[in-house]
Colleague: 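Please see the structure below; I have some questions.
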There are 2 protein chains.
Amino acid sequence: MLTLRQRSILKAIVETYIATAEPVGSKALSGKYNFGVSSATLRNEMAELIAQGYLEQPHTSAGRVPTHQGYRLYVNELMNGYSLTPDDSAELKNALRLKIARYDKLTEELGQVLSRLTNYAAVAAAPKLSSGRTIRRIDVIPCDGQICVLLVVLGNGVVRDRMITVAEKPSTAALYDFLATVNGMLVGLEPSAVTVGHLKALNEAARYGCGDIMAQLTDFLTELAEASGEMEIATAGEGNLLSYPEYRDPDKAKELFGFLNDADNVEWLPMPGDAPVVVRIGAENPAGPLQNASLMVTGCSLGGGYRGYLGIVGPTRMDYSRLAARLSFFARGLSAVLGEAVNAPAEEDKEKGDEEHGRAREETT
Amino acid sequence: MLTLRQRSILKAIVETYIATAEPVGSKALSGKYNFGVSSATLRNEMAELIAQGYLEQPHTSAGRVPTHQGYRLYVNELMNGYSLTPDDSAELKNALRLKIARYDKLTEELGQVLSRLTNYAAVAAAPKLSSGRTIRRIDVIPCDGQICVLLVVLGNGVVRDRMITVAEKPSTAALYDFLATVNGMLVGLEPSAVTVGHLKALNEAARYGCGDIMAQLTDFLTELAEASGEMEIATAGEGNLLSYPEYRDPDKAKELFGFLNDADNVEWLPMPGDAPVVVRIGAENPAGPLQNASLMVTGCSLGGGYRGYLGIVGPTRMDYSRLAARLSFFARGLSAVLGEAVNAPAEEDKEKGDEEHGRAREETT
DNA sequence: TTTTAGCACTCTGTCTCCCGGAGTGCTAAT
DNA sequence: ATTAGCACTCCGGGAGACAGAGTGCTAAAA
């Protein structure tokens, strides 16, 4: 229902608005781009675009601003795939040399890197470590005094530990027996698959001063089981948003900051299955404070079949094309690095697809 | 050199300025407090306070604002010890029921709690886990495929782990021998005390396919040794600052945010030995972006002889008295909880000193 | 029928001016 | 030493003026 010319006008408007943050008028537009038509014609076309809901006017006699719908059309059909410049990809690749020594700080570190890379607020999410992994080994290591360490090693090299205190230390032999029993029964199960029956049986085996340990192990396993399937989410770089005129009002900024920092709430983060990059523009977001912000999210493989998610939060007036390209490139690079850490595959197909990272998949509406 | 009356006038000015964020004039002051003197006299005294550097005027014919020096005197000598209300202490105690299941997220979680509790930006610092602890046990746990997990258990129940990949898996027996040798040689040492000699000797012992593991263990130990003595630092709740008029200018806010989030830099955080609460006001801070902010820091015991630090960052116009009280109470409570987790002492002396948390120790100048 | 030129109109943002209010410094009287 | 009084200063907010950018509409041109 939009003519070709209308589409290219919309595209031009979105792009200049993204660049300037100011309503764009017909004259300025016809000066910058060369449509071969006069500003009057542009005005007529813009009027039509307003009628169809792609643009709006802050007030009569102001320039035009894209609506959510306008951005959406832009993202879905209009915007160019962005070619990363050599500088871009060098920068991104460089950022990928991050240390992932500590798996449990992965989300935080990724968030920080990503926010620095994009100059927006970033979000990173990964399944909690125990999620869906089977128990490989349970161990108890006595330390100083009454302290012991409980260790649960899960699939893919994930280790969870917990410090406990015991009333009295079991003998080495008793501990050995205890561990043999426990491991015999629980290895191979997921924490969530440990039943009351298992625990009861183990409790009986836990004589000779291991009862105390058993109780705390039960707690620990329960906790691991409960964390299964949950996502851990970290945000970073909120401060970057203060640069953008949209967030110069500290109250707005504060609202969004507060929302992003409320780590308990993950509902707002889409977790795309296979779309390269999911974009949610303004009102498309379910959560209130995001309704005048935009969110871009992409998934990445964390190795071992686990998926993490990387995203960017910013004003609706975002450089979607460029950011989608960077986000997607970064996520793919990360997948390669993490996949490599686990599966050690050959990796040198990185160069081949640099151009076509830019196209974002439309959000299912 | 200040008369008693001047001191109480300064006190009144600081307190009303803290409450209102607006320059306080002689008339308003004489209306609110009852000094038994007229506003003219107040003016004379205020002029003297300006001459001595405790106050300043944004411009002629405006009210007065405390200088850093004024705040300093207030904090050192003028302010009342703040009595926590029952609500206060209930709230604080409640916050102490936080989960400290994951020692390695301690700083982040504490920072978040503290910022929520105070409505300022908060900072928490703790020594990196490996700092100064001896090796209790080293273990290697084979997982799926070529993945193994390297475990190093340190004193006080601190566990560090690392995922590694090996070219080929050693046999169970070889691994057993290898671990026996490694543990025999390294247990009881601090990671930083492991010498090249040790490693060389171990390398020779690492036959039967364990060479790969040994190399990665060496890396890991080196890393642990290097982290010794370093502090880990986390900030949280920067967004809270946006509420205060001092940070309504997004550029100011951004500068401070950026600074606080630069985790590499810890120079700016004082780590008091025994002072209840250290206060650094404005220009007393070494770091640029903090020079028009204030910082309150207190230490707390993390158990096992380790000390962490908790702090608050905000505008110089802070409610020092109240915050010092809360900070100190929180830190003491935390010390009790963490001390208990490690040493399990009796703890019920908590109630006794609620009144005198408020007095902050002067910064050594 | 589509495009364009022209024109009158509207709205914003900025600048200036103005004024009330709060506060000061000084002087003279208490 | 204190106070009352007074003239002066400065900020902040509101009213008015104005330039600039942009619009909608109409009538002419293609």
Side-chain angles (χ1 to χ4, degrees), chain A residues 1-10 12-17 19-67 70 245-246 248-249, chain B residues 1-10 12-17 19-67 70 245-246 248-249:
Chain A
M1 41 197 157
L2 285 187
T3 67
L4 221 61
R5 190 170 69 189
Q6 284 165 343
R7 294 165 69 95
S8 66
I9 289 174
L10 177 58
I13 290 176
V14 170
E15 284 171 2
T16 54
Y17 185 68
T20 64
E22 274 171 17
V24 5
S26 58
K27 228 169 233 166
L29 200 63
S30 83
K32 219 156 107 176
Y33 296 74
N34 193 0
F35 289 105
V37 294
S38 75
S39 65
T41 311
L42 287 185
R43 279 204 288 286
N44 290 335
E45 298 288 40
M46 285 155 94
E48 181 57 23
L49 286 170
I50 287 192
Q52 297 208 26
Y54 294 103
L55 296 178
E56 64 190 351
Q57 280 179 295
H59 18 250
T60 350
S61 93
R64 265 66 167 202
V65 166
T67 60
E246 283 84 350
R248 291 202 77 78
D249 175 1
Chain B
M1 40 200 156
L2 285 187
T3 67
L4 222 61
R5 190 171 68 188
Q6 282 165 344
R7 295 164 69 93
S8 65
I9 289 172
L10 178 56
I13 290 176
V14 170
E15 284 171 1
T16 53
Y17 184 68
T20 64
E22 275 172 15
V24 7
S26 57
K27 227 170 231 165
L29 200 62
S30 85
K32 218 155 109 177
Y33 296 75
N34 193 358
F35 290 104
V37 294
S38 76
S39 66
T41 310
L42 287 184
R43 278 203 289 286
N44 290 334
E45 298 287 41
M46 285 154 94
E48 181 58 23
L49 286 169
I50 287 192
Q52 297 208 26
Y54 295 102
L55 296 178
E56 64 188 353
Q57 279 179 296
H59 21 248
T60 351
S61 94
R64 266 65 167 201
V65 166
T67 60
E246 284 84 349
R248 293 202 76 78
D249 174 1

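Chain letters run A, B, ... following the sequence lines, proteins first and then strands; every chain starts at 1.
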Colleague: Rounded to whole angstroms, how far apart are CG on B:Leu4 and P on D:dA1?
Modeller: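 My rounded result for the distance is 17 Å.
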Colleague: Tell me the bend of the helix from C:dT1-D:dA30 to C:dT30-D:dA1 as the angle between end helix axes, each from five pairs, rounded to the nearest 10 degrees.
Modeller: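 Between the first-five-pair axis and the last-five-pair axis there is 20°.
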Colleague: Take the protein atom CD of B:Gln57 and the nucleotide atom C1' of C:dT24, then report the distance between them rounded to whole Å.
Modeller: 7 Å
Colleague: Given D:dT23, D:dT3, C:dT24, identify the nucleotide with an atom nearest to the side chain of A:Met46.
Modeller: D:dT23
Colleague: Mind checking A:Thr41 for me? I need base, sugar-phosphate or nothing, with any heavy atom below 4.0 Å counting as a touch.
Modeller: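 The answer is base, as A:Thr41 lies within the cut-off (heavy atoms under 4.0 Å) of a base atom.
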Colleague: Just by protein heavy atoms under 4.0 Å, how would nucleotides 5-21 of chain D read 5' to 3' in B, S and -?
Modeller: B---BSS----------
Colleague: Can you name the side chain to side chain donor-acceptor pair (under 3.5 Å) partners of B:Glu56, sequence neighbours left out?
Modeller: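 If we apply the side chain to side chain donor-acceptor pair (under 3.5 Å) test to B:Glu56, skipping adjacent residues, there are no hits.
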Colleague: What pairs of nitrogen or oxygen atoms, one from the protein and one from nucleotides 26-28 of chain D, lie under 3.5 Å apart?
Modeller:
none

Colleague: Check B:Ser26 against B:Ser39 and note the closest heavy-atom contact, atom names and distance.
Modeller: CB-O, 3.7 Å
Colleague: To the nearest angstrom, how far is A:Arg5 atom CZ from C:dT2 atom C1'?
Modeller: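 After rounding, the gap between these two atoms is 8 Å.
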Colleague: If you take all heavy atoms of A:Leu42 and A:Phe35, which pair is closest and at what distance?
Modeller: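 Heavy atoms only, the tightest pair is CD2-CD1, 4.0 Å.
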Colleague: Indicate the atoms forming the closest heavy-atom contact of B:Leu2 with B:Tyr54, along with that distance.
Modeller: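 The pair with the smallest heavy-atom distance is CD1-CE1, 3.7 Å.
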Colleague: Measure the spacing between CG of A:Leu49 and CZ of A:Arg64 and express it to the nearest 0.5 Å.
Modeller: 9.0 Å
Colleague: Would you kindly give the NZ-to-C1' distance between B:Lys32 and C:dA22, to the nearest whole Å?
Modeller: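 Computing the B:Lys32:NZ to C:dA22:C1' distance gives 15 Å.
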Colleague: Rounded to the nearest angstrom, tell me the gap between atom CZ in B:Phe35 and atom C1' in D:dT2.
Modeller: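 One finds 16 Å between C1' of D:dT2 and CZ of B:Phe35, rounded.
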Colleague: Applying side chain to side chain donor-acceptor pair (under 3.5 Å), name anything that partners A:Gln57, two or more places apart in sequence or on another chain.
Modeller: none
Colleague: Could you give the CG-to-P distance, from B:Leu49 to C:dG25, as a whole number of Å?
Modeller: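 Computing the B:Leu49:CG to C:dG25:P distance gives 12 Å.
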Colleague: Between A:Ile50 and B:Glu45, just flag the one whose closest nucleotide in DNA chain D comes earlier from the 5' side.
Modeller: B:Glu45
Colleague: Using the side chain to side chain donor-acceptor pair (under 3.5 Å) criterion, which residues pair with A:Glu15? Sequence neighbours excluded.
Modeller: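 In terms of side chain to side chain donor-acceptor pair (under 3.5 Å), with neighbours along the sequence ignored, A:Glu15 is linked to A:Tyr74.
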Colleague: Might you point out which heavy atoms bring B:Gly53 and B:Thr67 nearest each other, and give the distance in Å?
Modeller: O-OG1, 2.7 Å
Colleague: Does the side chain of A:Arg5 reach to within under 4.5 Å of the side chain of A:Val37, using non-hydrogen atoms?
Modeller: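 The answer is yes, as the side chains (C-beta and beyond) meet within the 4.5 Å cut-off.
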Colleague: Would you say A:Ile13 and A:Met46 make side-chain contact, with heavy atoms under 4.5 Å?
Modeller: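 A:Ile13 vs A:Met46: side chains touch.
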Colleague: Please report, rounded to the nearest Å, how far the C1' atom of D:dG22 is from the CZ atom of A:Arg64.
Modeller: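 Nearest whole value for this atom pair: 8 Å.
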Colleague: Apply side chain to side chain contact (heavy atoms under 4.5 Å, CB included) to residues B:Glu45 and B:Ile50 and explain how you reach the verdict.
Modeller: CA-CA 9 Å; B:Glu45 298 287 41; B:Ile50 287 192; over 6 Å; no
Colleague: Work out which heavy atom in A:Leu29 is nearest to a heavy atom in A:Ala12; give both atom names and the distance.
Modeller: CD1-CB, 4.1 Å
Colleague: Just checking A:Gly36: base, sugar-phosphate only, or nothing, at a heavy-atom cut-off of under 4.0 Å?
Modeller: sugar-phosphate
Colleague: Let me know the distance between CG of A:Leu42 and P of D:dG22, rounded to the nearest Å.
Modeller: 12 Å
